[in-house]
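Order of the sequence lines fixes the chain letters, A, B, ..., with proteins taken first and strands second; residue numbering starts at 1 for each chain.
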Amino acid sequence: MNPLSEIRARFSTTLSGMVEDPANLLSMIRPAGDSKFGDYQANCAMPLGKQLSKSPREIASEICESVQLDGLCQKIEIAGPGFINLTIDDDWLKNGLTAALVNERLGVTQVSEPKTFVIDYSSPNVAKPMHVGHVRSTFIGDAISKVLRFVGHTAISDNHLGDWGTQFGMIIYGYKHFLEEGAYQQEPVAELGRLYKYVRKLMDYHAAVKRLPELEAAQEELKSKQADLESTDSEGDKKAEKQLKKQLRQLRSKIEDQAQAVVELKAKISEVDGDAGLARDASAHPNITLNAQLETAALHEGDATNQGLWEKFLPLCREDMQKIYDRLDIEFDYELGESFYHNELANVVSDLTDKGYTKESDGAICVFLDNHNAPMIIQKRDGAYLYSTTDLATIKYRMEKWNADACLYVVDHRQSEHFEKLFDVARLWGFGEVELAHVAFGTVMGPDGKPYKTRSGDTVGLSGLLDEAESRALEIATNQNPELTEDRHREIANVIGIGGLKYADLSHNRGSDYEFSYEKMLALRGNTATYLQYSYARVQGILRRTEADVESIRTNPGEFIFENAVERQLGLKLIRFGEALDEVLVEYKPNVLCNYLFELSQLFAQFFDKCSVKDANSEDLKKSRLQLCDLTARTIRGGLELLGIGVLDKM
RNA sequence: GCCCCGAUAGCUCAGCUGGAUAGAGCAAUUGACUUCUAAUCAAUAGGUCGCAGGUUCGAAUCCUGCUCGGGGUGCCA
């Protein structure tokens with residue numbers, strides 16, 4: 001039991017005697033903003049005062065008289081307009097720490113009503129190389145799953161692979177026309193990757209050739225519009241002048257964007273034109289885009305050849321993808337991709353239609369929703385199904401198979417409108433009970449403040465990114481501890497490199513964009529994985545040097561002693577691990593856990609500085625400090641584990 | 001056009017379901033290694049929480065308007 005829920009439980013009794021539903025008031029009990037006010041503060045007297053037409057301080061004293069905090073709080077004070085400041089009783093804290101010490105779960109209680117969560121994350125397109133954009137979904141989803149499981153829920157992780165999309169049409173087309181047999185025999189996945197990129201290039205080329213003149217014409221038009229505006233006289237009208245300036249500014253930025261686009265198109269064209277082989281294939285395959293689409297369509301319609309190729313390619317691609325997941329140490333319970341649902345799509349449409357929810361519009365089958373202008377299209381004019389159709393089939397499956405209480409979609413924030421519509425349609429369809437949540441996240445930015453790209457403008461490939469992270473980590477590990485063996489350096493590099501990458505991602509509020517930087521990610525100081533891992537290693541150093549018998553500490557604990565103020569602070573922080581986990585799950589925010597672990601590590605560093613274990617002036621104090629050390633190490637290790645990050649005994 | 005999101009220290013970011021004097025890290029300045037790992041700690045400095053109103057005991061947080069930026073916007077995923 002963590003202090004906060006214990007305090008709330010006690011207040012609950014009192015408050016329910018005063019109002020009908022105290023839930024809102026209970027949420028106003030929180031950790032104190034400033035430690036001089038105590039450990040926790042209850043802010044419920046102020047609003048209650050208004051509600052009951054009494055002075056808040058009067059209410060506060062009524063609450064204080066009635067609430068049973070014996071044994072839990074040693075100090076209860078009313079301050080300011082009616083704050084109730086609470087200080088946790090030292091004996092209660094010590095008992096709690098002892099309970100955590102002897103408990104494998106560090107004293108974190110399991111939820112009383114376990115629920116079943118289905119978490120949909122990572123979800124890359126197979127056969128396309130994974131890139132930096134996939135890391136957030138993967139890390140955040142994995143961390144949320146682990147926290148859910150730890151607190152006692154059932155979390156089913158499901159990697160909703162894009163394994164049925166247009167990329168297979170492209171690869172099939174490539175296979176039929178551009179295959180290099182020898183390369184395919186030797187390294188089939190690499191050859192398929194090459195084919196994908198090759199077809200992509202040719203498609204981009206034709207699109208660029210078509211688009212370039214249009215864009216240049218549009219550019220001219222904008223420029224003449226700009227000239228017009230520049231010569232317009234606002235005749236001293238300030239409002240008109242402001243308007244004009246704004247339009248001009250917008251126009252200039254649009255022109256700039258277009259100029260950039262023109263440069264990119266030209267680069268794509270010249271890349272093909274400059275290569276004899278590419279140029280030849282480009283002119284020999286003028287309709288490659290359409291034909292690749294037709295290959296996809298043929299696959300979907302059950303064409304035997306394409307079906308056979310798909311069945312041959314898919315395992316190869318998945319195996320390749322698995323290598324990345326292995327490096328990241330990410331596992332899924334299920335990997336039911338889009339292809340898994342393709343036979344259900346027609347049923348989705350017919351069922352919704354039978355129930356009267358669909359409407360035909362411009363030949364497409366749509367579900368119109370009150371709060372959205374555009375409908376959700378579930379079948380295209382040409383009869384093909386869409387992402388939305390698959391997602392609906394997926395919800396149905398997840399409800400029927402797992403009877404989920406909640407489905408979480410860890411997906412890019414740009415798709416929020418899609419999910420709003422999806423959830424509305426799902427509820428309309430009859431899935432009203434399940435919690436459907438889009439756990440959205442922001443973009444990974446480069447140092448220029450734009451989405452992280454390579455210099456040439458391509459997305460950053462994930463495997464190269466991991467290589468870079470590890471090689472930089474290796475350099476740091478080698479510099480930091482030159483005396484260790486190369487194998488040890490590699491092991492350290494792996495743990496701090498991958499850990500640093502994950503932590504950099506998870507420690508940011510998922511909703512915001514963040515700037516990616518190898519330097520910051522692997523920085524030795526600050527809110528980084530390295531700092532937390534180092535704290536853990538320092539504890540292990542203490543345990544080694546004092547030759548502590550950790551087993552006996554855990555099975556036969558002594559009393560906790562708070563000699564120095566920081567020991568109490570550390571103890572209080574340790575006991576609040578469960579609060580941090582609860583907090584993570586309120587809005588599915590792993591950064592809450594990162595912050596907790598960082599603060600814990602900072603307190604430990606202070607403790608390390610001020611409170612020697614080895615030279616403690618009594619055996620009892622030494623034992624108490626060893627207990628704090630052991631609990632700190634286990635909390636850091638356990639917390640990092642929930643984030644998918646490892647630790648090292650020495651680094 | 002319409003919809004959504006953002007703007008907090010020089011930089012990168014927390015905090016946002018209203019709470020007391022707005023926090024951290026980096027960078028800057030200063031101090032601490034014969035010491036359980038200095039991949040550390042202590043200290044100083046740094047702010048009109050985009051702007052203007054409003055709601056109230058109390059606003060970075062809620063509401064309205066504005067400015068700037070990003071994203072989305074019927075047959076891609």
Side-chain angles (χ1 to χ4, degrees), chain A residues 24 27-28 30 32-34 36-37 41 43 46-47 49-50 55-56 79-83 85 123 125 162 165-167 242 246 249 253 338 361-366 368 371-382 384-388 390-391 411-418 420 440 442-443 445 449-451 476-477 479-481 496 507-509 511-515 517 519-520 522-528 530-531 533-535 537-546 548 586-587 591-592 594-595 598-599 602 605-606 608-616 625 629 650-651:
Chain A
N24 190 34
S27 73
M28 293 174 151
R30 54 183 61 200
D34 188 324
K36 79 176 176 204
F37 299 129
Q41 60 184 49
N43 302 336
M46 279 85 78
K50 180 150 223 173
S55 95
F83 295 108
N85 291 332
S123 312
N125 286 318
T166 49
Q167 79 271 31
K242 214 174 131 191
K246 185 178 169 181
R249 199 175 50 235
S253 104
E338 292 172 342
S361 172
D362 293 334
I365 298 181
C366 306
F368 283 87
N371 42 355
H372 290 279
N373 293 327
M376 170 166 259
I377 299 177
I378 55 173
Q379 187 169 18
K380 296 202 283 183
R381 192 169 25 207
D382 66 7
Y385 303 105
L386 295 110
Y387 184 37
S388 45
T390 311
D391 275 354
V411 181
D412 193 339
H413 70 320
R414 284 173 300 196
Q415 294 189 38
S416 55
E417 204 173 357
H418 164 75
E420 279 171 26
T443 311
M445 303 300 218
K450 291 181 183 160
I476 292 169
N479 288 341
Q480 222 40 251
N481 294 309
I496 69 174
S507 60
H508 289 96
N509 182 330
S512 7
D513 298 343
Y514 78 93
E515 188 181 300
S517 148
E519 284 79 15
K520 252 176 239 157
L522 295 169
L524 306 176
R525 308 145 176 275
N527 190 0
T528 60
T530 320
Y531 180 80
Q533 289 162 328
Y534 179 63
S535 305
R538 287 174 112 191
V539 178
Q540 299 309 313
I542 294 175
L543 298 178
R544 269 196 310 275
R545 288 297 293 267
T546 56
V586 172
E587 288 186 299
N591 70 312
V592 172
C594 295
N595 289 341
F598 179 55
E599 285 165 10
Q602 280 183 312
Q606 289 174 39
F608 183 89
D609 204 48
K610 293 192 181 113
C611 307
S612 172
V613 177
K614 178 164 65 69
D615 300 325
R625 288 181 175 172
C629 283
K650 288 185 192 172
M651 63 186 276

Identify the pairs formed between an N or O of the protein and an N or O of nucleotides 3-13 of chain B at a distance under 3.5 Å, and give each distance.
from, atom 1, to, atom 2, distance (Å)
B:U12, O4', A:Lys520, NZ, 3.4
B:C13, OP1, A:Glu515, N, 2.6

Every protein N/O within reach of nucleotides 54-57 of chain B N/O, cut-off under 3.5 Å:
from, atom 1, to, atom 2, distance (Å)
B:U56, O3', A:Lys50, NZ, 3.3
B:C57, OP1, A:Lys50, NZ, 2.8

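By the side chain to side chain donor-acceptor pair (under 3.5 Å) test, A:Asn125 pairs with no residue at all, sequence neighbours left out. Applying the side-chain contact (heavy atoms from CB on, under 4.5 Å) criterion to A:Ser416, with sequence neighbours excluded, gives A:His438. A search for side-chain contact (heavy atoms from CB on, under 4.5 Å) contacts involving A:Thr390 returns A:His160, A:Glu338, A:Tyr341, A:Leu345, A:Thr394, not counting sequence neighbours. Scanning for side chain to side chain donor-acceptor pair (under 3.5 Å) contacts around A:Gln415 gives A:Tyr387, with sequence neighbours left out. Here A:Ser361 pairs with A:Cys366, A:Phe368 under the side-chain contact (heavy atoms from CB on, under 4.5 Å) rule; sequence neighbours left out. With sequence neighbours excluded, the residues forming a side-chain contact (heavy atoms from CB on, under 4.5 Å) with A:Asp412 are A:Arg414, A:Phe441, listed by chain and number. With sequence neighbours excluded, the residues satisfying salt bridge (charged side-chain N to carboxylate O under 4.0 Å, His left out) with A:Glu587 are A:Lys589. For A:Ser123, the side chain to side chain donor-acceptor pair (under 3.5 Å) partners two or more places apart in sequence, or in a different chain, are A:Asp120.
Not one N or O on the side chain of A:Ser507 forms a donor-acceptor pair closer than 3.5 Å with the backbone of A:Cys594.
Contacts of A:Ser27 with the nucleic acid, taken as non-hydrogen atoms under 4.0 Å apart, are absent. Within 4.0 Å (heavy atoms only), A:Cys594 reaches no atom of the nucleic acid at all. A:Arg414 comes within contact range of the sugar-phosphate backbone alone, with a heavy-atom separation under 4.0 Å but no base atom that close. If you check every strand for non-hydrogen atoms under 4.0 Å, A:Ala79 touches a base. The residue A:Asn85 sits close to a base: some heavy atom pair falls under 4.0 Å. A:Leu386 comes within 4.0 angstrom of sugar-phosphate atoms only, judged by non-hydrogen atoms across all strands, and of no base.
For A:Asn373, the CG atom sits in a loose shell: 12 or fewer heavy atoms of surrounding residues, nucleotides or ligands are nearer than 6.0 Å.
B:U73 atom P lies 17 Å from atom CG of A:Asn371, rounded to whole Å. Here B:G23 presents its C1' atom at 11 Å from CZ of A:Phe598, a figure rounded to the nearest Å. Taking atom CZ on A:Arg30 and atom C1' on B:U61, their separation rounds to 11 Å, with Å as the unit. Rounded to an integer number of Å, the gap from A:Lys380 NZ to B:C76 C1' is 8 Å. Separating the CG atom of A:Asp412 from the P atom of B:C76 is a distance of 19 Å, rounded to the nearest angstrom. Residue A:Lys450 contributes atom NZ, which lies 13 Å from atom P of B:G69 at whole-angstrom precision.
Of the P atoms belonging to B:A22 and B:A39, the separation is 35 Å, rounded to the nearest Å. Going from the P atom of B:G69 to that of B:G23 covers 32 Å, rounded to whole Å. Here, B:C49 and B:A9 have their P atoms 10 Å apart, quoted to the whole Å. Of the C1' atoms belonging to B:U8 and B:U12, the separation is 12 Å, rounded to the nearest Å. With both ends at atom P, the span from B:U44 to B:A24 equals 11 Å, rounded to whole Å. Nucleotides B:C26 and B:U64 have their C1' atoms positioned 38 Å apart, rounded to a whole Å. Comparing the same atom, P, in B:G54 and in B:A60 gives a spacing of 15 Å after rounding to whole Å. Look at the C1' atom in both B:G50 and B:U67: the space between them is 8 Å, to the nearest Å.
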For this session: Heavy atoms under 4.0 Å is the rule here; annotate nucleotides 37-42 of chain B 5' to 3' with B where the base is hit, S where only the sugar-phosphate is, and - elsewhere.
Result: BSBSSS

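Atom CG of A:Leu524 and atom CD of A:Gln533 lie 11.5 Å apart (nearest 0.5 Å). In this structure, CG on A:Asp391 lies 12.5 Å from CD1 on A:Ile378, to the nearest 0.5 angstrom. How far NE2 of A:His372 is from CD of A:Glu417: 6.0 Å, rounded to the nearest 0.5 Å. In this structure, CE in A:Met376 is found 5.0 Å from NE2 in A:His418, a value given to the nearest 0.5 Å. Atom OG of A:Ser535 sits about 9.0 Å away from atom CD of A:Gln602, to the nearest 0.5 Å.
Secondary-structure stems of RNA chain B, taken as three or more successive Watson-Crick or G-U wobble pairs (i with j, i+1 with j-1) under a 3.5 Å distance threshold, comprise B:1-7 with B:67-73, B:10-13 with B:23-26, B:28-32 with B:40-44, B:50-54 with B:62-66.
For A:Asn595 and B:G23, the shortest distance from a side-chain N or O to OP1 or OP2 is not below 4.0 Å.
Stacking between A:Phe37 and B:A20 is present: the aromatic ring centre lies within less than 5.5 angstrom of the base six-membered ring centre, and the two planes differ by under 30 degrees.
Residue order along RNA chain B, read from the 5' end via each residue's closest nucleotide, puts A:Gly33 first among A:Ile377 and A:Gly33. Annotation: of the two residues near RNA chain B, A:Gln379 and A:Asn591, the 5′-most nearest-nucleotide partner is A:Asn591.
Under the 4.5 Å side-chain criterion, counting only non-hydrogen atoms from C-beta, A:Asn591 is not in contact with A:His508.
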